[in-house]
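To start, the structure under review is shown below, and the notes come after it.
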Amino acid sequence: MKNQEIARIFNDIADLLEIKGENPFRIRAYRRAALNIEGLTRDIAETPKDELMKIPGIGQDLAGKIEEYVKTERLQFYEDLKKEVPEGLSMLLSVPSLGPKTAKLFYERLKIKDLQDLERLAREHKLSGLPGIKEKTEENILKGIEMLKRGMERQPLGKVLPLANDILEHLKKKAPVNKLSIAGSIRRWKDTIKDIDILATSENPKEVMNTFIHLPHVKDVLMHGPTKSSIIIKEGLQVDLRVVEEDSFGAALAYFTGSKAHNIRLREMAVKAGLKINEYGIFREKDDRKLGGKEEEDIYRILGLPYIPPEMREDTGEIEAAFTGRLPKLVELSDIKGDLHVHSKWSDGSHDFEELIDAARERGYKYIAITDHSKGLGIARGLNAERLMEEKKEIETINKRLRGFRLLAGIEMDIRSDGTMDLPDDVLKEMDIVVASIHSGFRQSKEQITKRLVSAMRNPFINIIAHPTGRLIGERDPYDVDMNQILKVAQETGTVIEINAYPLRLDLNDIHVKMAKEMGVQIVISTDTHITNQFDYMAYGVSIARRGWLEKKDILNTMSYRVIKKAIKRKQ
DNA sequence: GCCGTTTTCGGCCCGACTGTTTTCAGTCG
């Protein structure tokens with residue numbers, strides 16, 4: 001898929017046009033197109049031009065540019081632009097507080113063309129004296145360069161969410177807040193997060209702001225106003241806090257949850273209907289009368305839309321779906337009836353069956369599958385056929401006295417680097433459920449990896465492909481795999497694909513999940529639990545499913561034990 | 001550059017905070 005590549009180029013073009021001082025609406029058009037292409041579920045390289053033009057934000061011109069790039073691997077317009085604007089100059093835009101106007105000014109007046117130049121001249125106070133630039137601006141630029149060097153890259157949701165909750169707890173305890181909510185991309189459950197957005201109501205906003213900028217987490221204060229402040233915390237993340245009146249809480253929550261693209265679409269709809277939306281409410285244009293805003297639902301209702309859950313707010317078709325009454329009823333955590341990927345002491349898990357059963361029952365589950373590693377994963381004390389049969393026997397014994405709960409005897413079988421399976425069919429045949437996955441040879445070619453997964457899916461005894469891209473967010477890139485092909489074969493063979501809920505994995509990702517749904521592939525959400533508290537990772541997995549528009553019926557482990565057993569048999 | 005049962009041209013989301021200014025441009029989300 002060239003989608004991400006083309007999106008990046010369009011964003012790059014937008015940067016370059018910005019520095020040139022081009023028409024801001026033209027720039028926005030490139031950014032919007034880039035965003036829409038990123039969220040696309042089909043391969044843009046295989047989409048004909050007239051289909052391309054049906055994608056929102058892509059017209060005659062951009063469709064042509066996409067075609068040109070797909071055909072020739074380059075884009076003349078982009079190449080020309082890069083010649084006009086020195087390489088490195090667009091890097092300046094990544095310095096916080098430094099935008100296109102200032103970058104252009106620095107280039108034209110001081111011939112600054114990269115970060116090194118900028119840092120040197122700022123230190124030597126050579127920027128002062130330019131129109132609108134004095135000492136404070138130099139300071140802020142140096143600060144921004146520092147922040148950039150420290151790396152402000154996106155961090156995994158699983159790491160950021162606990163941090164955000166901790167800040168919320170502190171505010172609740174120390175500041176005079178009434179309502180308090182996480183907003184932004186955390187509320188949309190994006191798998192990686194750039195900053196933490198918090199919204200509050202209070203009778204004394206000033207006091208709240210004052211408490212906020214003095215929290216023990218604070219490393220630096222970027223902005224401190226009466227209703228809005230921004231800090232950098234020790235972990236390097238930016239945290240924004242906004243305080244509004246009770247009567248505006250819903251509108252502010254919608255505004256602050258985003259995404260930006262989603263908000264813009266709503267506001268455009270509002271304008272066409274003679275309305276205006278901002279963080280204070282939804283208003284009638286002609287007399288500025290406030291029609292709503294206390295509840296988030298107000299905004300959608302007054303626009304004539306059903307409530308759109310935060311996980312869907314990416315402007316990837318949810319507004320159209322809402323408008324035409326085709327909004328899916330998203331799966332919820334409470335729909336989950338069991339976990340089909342769990343490790344025990346028999347391999348590298350920490351608990352025996354009893355402890356796992358107790359923990360699962362506490363979460364309202366009706367079943368779990370014990371899927372310890374197969375022998376190929378020596379490091380995880382993987383099981384050979386003999387040990388596996390012993391484990392199965394013990395599971396059967398326990399099942400006999402269990403009431404209202406079942407253990408499935410399963411295995412997480414390693415797909416070896418040469419493409420062969422770690423256990424023979426006559427062993428797999430004995431199991432209630434077989435999960436297969438890749439643990440080695442991550443750097444193989446796309447063809448090799450895809451072939452390994454396909455041959456696993458063609459095996460009638462393999463039910464589930466686990467963590468299908470092998471990524472560990474921030475630590476290991478996904479391996480190169482032809483997801484289109486994988487999903488096609490999954491659909492053909494009735495193989496279920498896993499959303500691994502472990503917060504650093506979260507693969508399938510949201511876009512792949514959406515693709516899977518469109519292709520009719522069944523999904524399972526599993527935690528890959530090794531310690532009982534990891535059962536709680538299910539919430540992360542469900543959020544990815546929701547971001548991929550999945551409903552209860554799309555997901556295997558929302559079904560009863562009996563239905564699951566039948567579904568597994570069906571493949572064979 | 002996109003888009004249109006009000007338009008094929010003329011619009012295009014909205015507001016807070018900062019630093020530089022004496023009323024506002026730039027940046028950000």
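Residue numbering restarts at 1 for every chain, and letters A, B, ... go by the order of the sequence lines. Note that these values count all heavy atoms, side chains included, but never hydrogens, waters or copies made by symmetry.
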*Can you tell me if the side-chain N/O atoms of A/Ser97 get under 4.0 Å from OP1 or OP2 in B/dT18?*
no
*Lys/Arg cation over aromatic A/Tyr69: A/Lys71, 6.0 Å, 45° cone*: no
_Cation-pi check, A/Arg313 onto A/Tyr255 ring (under 6.0 Å, within 45° of axis)_ = no
*Which part of the nucleic acid, if any, lies within reach of A/Ser229 when heavy atoms closer than 4.0 Å are counted: base, sugar-phosphate only, or nothing?*
nothing
*C1' atoms of B/dT20 and B/dA25, separation to the nearest Å*: 9 Å
*Could you give the NZ-to-C1' distance, from A/Lys65 to B/dG1, as a whole number of Å?*
8 Å
*Side-chain N,O (A/Lys276) to OP1/OP2 (B/dG15) below 4.0 Å*: yes
*Roughly, in whole Å, what's the span from CD1 in A/Ile299 to P in B/dC13?*
17 Å
_If I take atom CD in residue A/Glu268 and atom P in nucleotide B/dC3, what distance separates them, rounded to the nearest angstrom?_
10 Å
*asked:* Say we look at B/dG1 and B/dT5: how far apart would their P atoms be, to the nearest angstrom?
replied: 23 Å
*Quick one: do A/Arg326 and A/Glu318 make a salt bridge, cutoff under 4.0 Å?*
no
*Taking the nucleotide of DNA chain B with the closest heavy atom to each, which residue, A/Glu135 or A/Gly59, is nearer the 5' end?*
A/Gly59
*Could you tell me the separation between the CD1 atom of A/Ile277 and the P atom of B/dC13, rounded to a whole number of Å?*
12 Å
_From B/dG29, B/dG15, B/dC14, nucleotide with atom closest to A/Arg267 side chain_ = B/dC14
_Donor-acceptor pair under 3.5 Å, A/Asn23 side chain vs B/dG1 base_ = yes
*Return the value, rounded to whole Å, for the distance between atom CD of A/Glu18 and atom P of B/dA25.*
18 Å
*Give one of base, sugar-phosphate or nothing for A/Tyr255, where a contact means two heavy atoms less than 4.0 Å apart.*
base
*If you measure from the C1' atom in B/dT23 to the same atom in B/dT18, how many Å do you get, rounded?*
15 Å
*Looking at B/dG1, B/dC13, B/dG29, which one has an atom nearest to any side-chain atom of A/Asp240?*
B/dG29
_Can you say whether a donor on the side chain of A/Lys101 sits under 3.5 Å from an acceptor on the base of B/dG26, or the other way round?_
no
*Pi-cation contact, A/Phe77 with A/Lys65 (under 6.0 Å, within 45°)*: yes
_Taking the P atom in each of B/dT21 and B/dG26, what is the distance between them to the nearest angstrom?_
13 Å
*If the C1' atom of B/dT7 is compared with that of B/dG11, how far apart are they to the nearest Å?*
9 Å
*The side chain of A/Met223 lies closest to which of these nucleotides: B/dT18, B/dG29, B/dG26?*
B/dT18
*Reckon A/Pro100 touches a base, only the sugar-phosphate, or nothing at all at heavy-atom distances under 4.0 Å?*
sugar-phosphate
*side-chain contact (heavy atoms from CB on, under 4.5 Å), paired with A/Met515, selected from A/Leu40, A/Asn484, A/Leu508*: A/Asn484
*Is the distance from OP1 or OP2 of B/dC17 to the nearest side-chain N or O of A/Thr227 less than 4.0 Å?*
yes
_G-U wobble or Watson-Crick pairing nucleotide for B/dC14 (cut-off 3.5 Å, both distances)_ = B/dG29
*Measure from the side chain of A/Asp61, starting at C-beta and using heavy atoms only, and say which of B/dG15, B/dC2, B/dG29 lies closest.*
B/dC2
*Grab the CZ-P distance between A/Phe25 and B/dC14 for me, whole Å please.*
11 Å
*Pick base, sugar-phosphate or nothing for A/Pro24, based on heavy-atom distances below 4.0 Å to the nucleic acid.*
nothing
_Syn or anti for B/dT7 (syn when the glycosidic angle lies within 90° of 0)_ = syn
*Could you tell me whether A/Lys104 sits above the aromatic face of A/Phe106, with NZ or CZ closer than 6.0 angstrom to the six-membered ring centre and within 45 degrees of the axis?*
no
*Between B/dT21, B/dC17, B/dC13, which one does the side chain of A/Lys134 approach most closely?*
B/dT21
*asked:* Regarding A/Arg242, tell me which of base, sugar-phosphate or nothing describes its non-hydrogen contacts under 4.0 Å with the strands shown.
replied: sugar-phosphate
*For A/Lys113, does the NZ atom have more than 12 heavy-atom neighbours from other residues, nucleotides or ligands under 6.0 Å away?*
no
*With C1' as the reference atom in both, quote the distance from B/dC13 to B/dC28 in angstrom, rounded to an integer.*
14 Å
*How is A/Leu62 classified with respect to the nucleic acid when contacts are heavy atoms under 4.0 Å: base, sugar-phosphate, or nothing?*
sugar-phosphate
*Under 4.0 Å between a side-chain N or O of A/Asn263 and OP1 or OP2 of B/dC13?*
no
_Separation of atom CG in A/Leu266 from atom C1' in B/dC14, rounded to whole Å_ = 13 Å
*asked:* Rounding to an integer number of Å, can you tell me how far A/Lys136 NZ sits from B/dT21 C1'?
replied: 16 Å
_Here's a test of your reading of the structure: between A/Val95 and A/Ile55, which maps to the more 5' nucleotide of DNA chain B?_
A/Ile55
*Salt-bridge contact A/Glu518-A/Arg42 (side-chain N to carboxylate O under 4.0 Å)*: no
_With rounding to the closest Å, how many angstrom separate the C1' atoms on B/dC2 and B/dT8?_
12 Å
*Just to confirm, is there a sub-4.0 Å distance from OP1 or OP2 of B/dT18 to any side-chain nitrogen or oxygen of A/Asn140?*
no
